[in-house]
There are 2 protein chains.
Amino acid sequence: MRRTKEDSEQTREDILNASVRIFSEKGVSQATLDEIAKAANVTRGAIYWHFENKFQIFEALHDRLHQPFVSMILQDLEKDHPEPLQQLRDLWISLLLELDEDEQKKQALTLFVIKSDYSGELAKYKDMHCSSKNESMKLFQRYFEKAKKMGKLPENADPEVLTQAVYCFMKGILFEYLNDQEGFDLKNRAPALINLFFKCFDQ
Amino acid sequence: MRRTKEDSEQTREDILNASVRIFSEKGVSQATLDEIAKAANVTRGAIYWHFENKFQIFEALHDRLHQPFVSMILQDLEKDHPEPLQQLRDLWISLLLELDEDEQKKQALTLFVIKSDYSGELAKYKDMHCSSKNESMKLFQRYFEKAKKMGKLPENADPEVLTQAVYCFMKGILFEYLNDQEGFDLKNRAPALINLFFKCFDQ
DNA sequence: CTACAAACATACACGCATGTATGTATATTG
DNA sequence: CAATATACATACATGCGTGTATGTTTGTAG
């Protein structure tokens, strides 16, 4: 059953897509390669052909999902918005609203925000996760630095602290929403929550 | 090796204490009963005598840790503070600062905030977790309801939204801190972060 | 003082997930 | 058109964690 090169690439994608689903449903450590194989309509043989083990899949998924996010933020930072804080606020609101309607993204975020605790078997990937977290935090910090340079923030405001605050808030929202999607009316609450938070910069 | 009743209760406690450690280090699903047994200086036989299985330990831990938290908040709510928002703010700051120096509490919170994703084997306990979450959120909401009755909040402020906002923020802080304790200088940042957030109510 | 049962420790059987070894069909290359 | 490597599927061996069955000691009730 030798397949062509495109076929092969397709099965690789199938495996990755199935992995996101299974990982986000059961958690990485509870997910089994056989489940993933069945969800991707292949056998474990195919998985072991494309990946060394379960954690290589995890790593591949991380790359596939982190990079688009970073480049999207970078693109947003290119724009010379007159109100960087407002820009960041709107970015987050639209991100949350898009998330609410994108099952794929929800699964991916569920996987990396909730279902992977980077302990035990996943411990080796903690550094990877931390550094990509720091990478995106640095990007968010640039919004605040812009705002400060434009005099939109008080002199004593520390962009690093503000970034950490926003990051924690967003992480909390994502966490609560992804943990109980029925109990969290994101579509209606997201603007209210974000707007409320960004009020603390308006003084 | 029949032990007295107090001995028995002690081993039960030993098992629970060891479980918090192992669970918070490896995650519930990756923790094995043999590890727990060794950490508690007993055998798996002792564990199976006191508990049905791993998840019964988890349940027992949840009870042991949730109830003191609730009663602590209830006690704080008894006080008739003239500024409920300030009271809530100070409560959170002191909770975070205490946490920073209490290894036991850190382990417990790590377990329930990060290491248990309530999927797969833990799915049955999701309801339990959600209802105890809602219970504590209702308690936090009472601070805002108090404040509103006292005219400390604008007429159109929705205590439920405000509660959700604070809860998400705190969850995010806890999550980030527990995930990378070295990278999060909680002792110095906690007051700054909390104070910043509570500013959005001062208008 | 002697049953009996509590409080474990030890031993065993089972299933399940992993990794690897092997088989196989087919695209591709010379 | 043969030879080879690719892209898997299948089969097998292994280990590990769980649950349970059984053994053992000792506090305790009568």
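So that the names make sense, note that chain A is the first sequence line, chain B the second, and so on, each numbered from 1.
- Here C:dT18 presents its P atom at 15 Å from CZ of A:Phe58, a figure rounded to the nearest Å.
- The phosphate of C:dA27 (OP1 or OP2) has no side-chain N or O of A:Lys5 nearer than 4.0 angstrom.
- Residues satisfying the side chain to side chain contact (heavy atoms under 4.5 Å, CB included) criterion with A:Asp102, sequence neighbours excluded, are A:Gln104, A:Lys105.
- The salt bridge (charged side-chain N to carboxylate O under 4.0 Å, His left out) pairs that include a residue from residues 61-78 of chain B are B:Glu13-B:Arg64, B:Asp76-B:Lys79, where partners are two or more places apart or lie in different chains.
- Residue B:Glu52 contributes atom CD, which lies 13 Å from atom C1' of D:dT20 at whole-angstrom precision.
- Within residues 16-44 of chain B, the residues that have a heavy atom under 4.0 Å from DNA chain D are, in order of number, B:Ala31, B:Thr32, B:Leu33, B:Arg44.
- In this structure, the side chain to side chain contact (heavy atoms under 4.5 Å, CB included) partners of B:His129, at least two apart in sequence or on a different chain, are B:Tyr118.
- Here C:dA6 presents its P atom at 16 Å from CZ of B:Arg12, a figure rounded to the nearest Å.
- Residues forming a side-chain hydrogen bond (donor to acceptor under 3.5 Å, both in side chains) with A:Glu83 (at least two apart in sequence, or on another chain): A:Lys152.
- Atom CD of A:Glu6 and atom P of C:dT28 are 8 Å apart (whole Å).
- In the set C:dA9, C:dT20, D:dG19, D:dG19 carries the atom at the smallest distance from any side-chain atom of B:Tyr48.
- Protein atom CG of A:Asp7 is 12 Å distant from nucleotide atom P of D:dA9, rounded to whole Å.
- Within the 4.5 Å cutoff, no side-chain heavy atoms of A:Thr32 are placed close to those of A:Ile22.
- Distance B:Ile15 CD1 to C:dC8 P: 7 Å, rounded to the nearest Å.
- Qualifying side-chain hydrogen bond (donor to acceptor under 3.5 Å, both in side chains) partners for B:Gln107, counting only residues two or more places apart in sequence or in other chains: none.
- Rounded to whole Å, the distance from CD on A:Gln10 to P on D:dA7 is 14 Å.
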